[in-house]
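The structure appears right after this line, and notes come after that.
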Amino acid sequence: MIDSAAKDTGLGLQNGTGNSLLEVRDLYKYFPLKRGLFSRVSKHVKAVDGVSFSVKEGETMGLVGESGCGKTTAGRVILRLLEPTGGAVYFRGQNVFDLSYEEMRKIRRDMQIVFQDPFSSLSPRMTVKDIINEPLLVHNYPGGKARKEKIKELMEVVGLSPSHISRYPHEFSGGQRQRIGVARALALNPSLIILDEPVSALDVSIQSQIINLLEKLQDEFALTYVFIAHDLAVVRHISDRVSVMYLGRIVENAPVDLLFNEPRHPYTKALLSATPEPDPDLARERIFLPGDVPSPVDIPSGCRFHPRCPYRIEICSEEDITLFPVGREHEVACHLHVDDKVVL
């Protein structure tokens with residue numbers, strides 16, 4: 001078990017919990033690897049390895065990084081869909097990891113998730129009515145006509161026709177199925193929704209419709225989002241703040257415009273250089289990173305990005321580094337910016 005009393009890092013923790021709806025402190029999630037006749041634990045997959053951030057009420061925080069960096073695992077641990085290895089998650093000042101099963105069941109009314117795949121996340125044996133009704137049923141929402149009217153109202157809110165209430169998921173398009181998932185998440189009037197790559201499985205033309213819907217719902221219902229994605233163009237459009245993850249840790253954290261206009265970490269720079277730019281006069285010089293992402297089983301010594309970093313110096317392979325401020329509301333985990341000795 002990781003020591004949850006470890007030193008806190010991350011911008012949100014320095015700002016305190018005054019207006020933070022969600023606060024994540026030193027979050028860890030390790031998956032054991034077992035081998036041998038007696039299935040002894042030999043190593044661990046360090047999927048989330050000391051993540052800290054906070055989200056203000058009404059804010060959208062983008063969590064970005066390559067596939068396998070741990071962002072989806074972090075989202076599921078926050079909701080306790082996966083149990084943590086260590087750390088703490090405070091929702092409205094209450095540590096959700098300290099709650100009993102029954103207490104967690106009650107707080108889940110206020111914390112919901114929209115999954116990446118709009119087909120596999122919906123039961124093919126349930127109608128739209130049954131899918132949206134399930135959270136209402138579990139949390140004892142008034143039944144009868146009131147519940148049916150609530151379901152129809154939710155369908156209208158997300159852009160679905162109430163006349164399709166008896167249809168099954170396979171009768172809808174991908175975008176419509178994702179709207180059903182959004183309606184299910186909205187059923188209990190939550191404050192926080194974790195959006196786990198909600199548009200990555202959709203056609204580009206449909207992505208914009210779903211993003212516009214999410215923005216409309218945020219304004220209408222005063223929602224707070226944690227938006228997990230790897231598409232930086234989408235993240236820039238919808239987010240207020242962005243945290244960049246690499247190999248289980250956050251390496252940069254800043255308001256969205258600051259991060260896109262003045263990235264400080266070499267990994268962030270490489271990600272942004274790969275983002276298509278519609279204006280050819282503004283095209284960025286592509287930064288190609290050598291090698292592959294290291295295994296989360298065998299984390300490199302020192303800075304975990306140093307084997308692929310084109311700017312690495314000797315200390316990068318010797319000493320680990322955590323987030324530290326490099327400006328107002330801007331944090332980075334990079335030896336090159338310590339005391340502003342080097343500017344990339």
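Using cut-offs of 30° and 60° on the angle between ring planes, the pair Tyr28 and Tyr30 is perpendicular.
Looking at Glu57 and Arg92, a side-chain N of the basic residue comes within less than 4.0 Å of a carboxylate O on the acidic one, giving a salt bridge. Contact check on Glu220 versus Lys216 returns a salt bridge, with a Lys/Arg side-chain nitrogen under 4.0 Å from an Asp/Glu carboxylate oxygen. Of the charged side-chain nitrogens involved, none lies within less than 4.0 Å of a carboxylate oxygen, so that Asp49 and Lys29 do not count as a salt-bridged pair.
For Phe305 and His265, the distance between ring centers is under 6.0 angstrom.
Sparse packing is recorded around CD of Glu134, with 12 or fewer heavy atoms of other residues, nucleotides or ligands lying under 6.0 Å away.
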Self-check item: Residue pair Lys150, Glu153: steps toward the salt bridge (charged side-chain N to carboxylate O under 4.0 Å, His left out) verdict
Solution: CA-CA 5 Å; Lys150 171 77 170 178; Glu153 180 185 345; 5.6 Å; no
Practice problem: Check the pair Glu197 / Thr72 against side-chain hydrogen bond (donor to acceptor under 3.5 Å, both in side chains), numbers first and verdict last. | Solution: CA-CA 8 Å; Glu197 306 216 32; Thr72 291; 4.7 Å; no
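Annotation: salt bridge (Lys or Arg N to Asp or Glu O under 4.0 Å) contacts involving residues 247-263, sequence neighbours excluded, comprise Arg249-Asp320. Within the structure, side-chain hydrogen bond (donor to acceptor under 3.5 Å, both in side chains) pairs that include any residue of residues 117-126 comprise Asp117-Ser120 (at least two apart or interchain).
Screening Leu160, Ile180, Ile132 for a side chain to side chain contact (heavy atoms under 4.5 Å, CB included) with Leu154, the sole residue that qualifies is Ile132. Residue Ile211 forms a side chain to side chain contact (heavy atoms under 4.5 Å, CB included) with just one option from Leu202, Ile206, Val199, and that option is Val199.
In terms of heavy-atom proximity, Pro124 sits nearest to Tyr168 at O-CD2, 3.4 Å. Scanning both residues, Ser243 and Phe53, for their nearest heavy atoms gives OG-CB, 4.4 Å. Across all their heavy atoms, Pro294 and Arg304 have their closest contact at CG-O, 4.4 Å.
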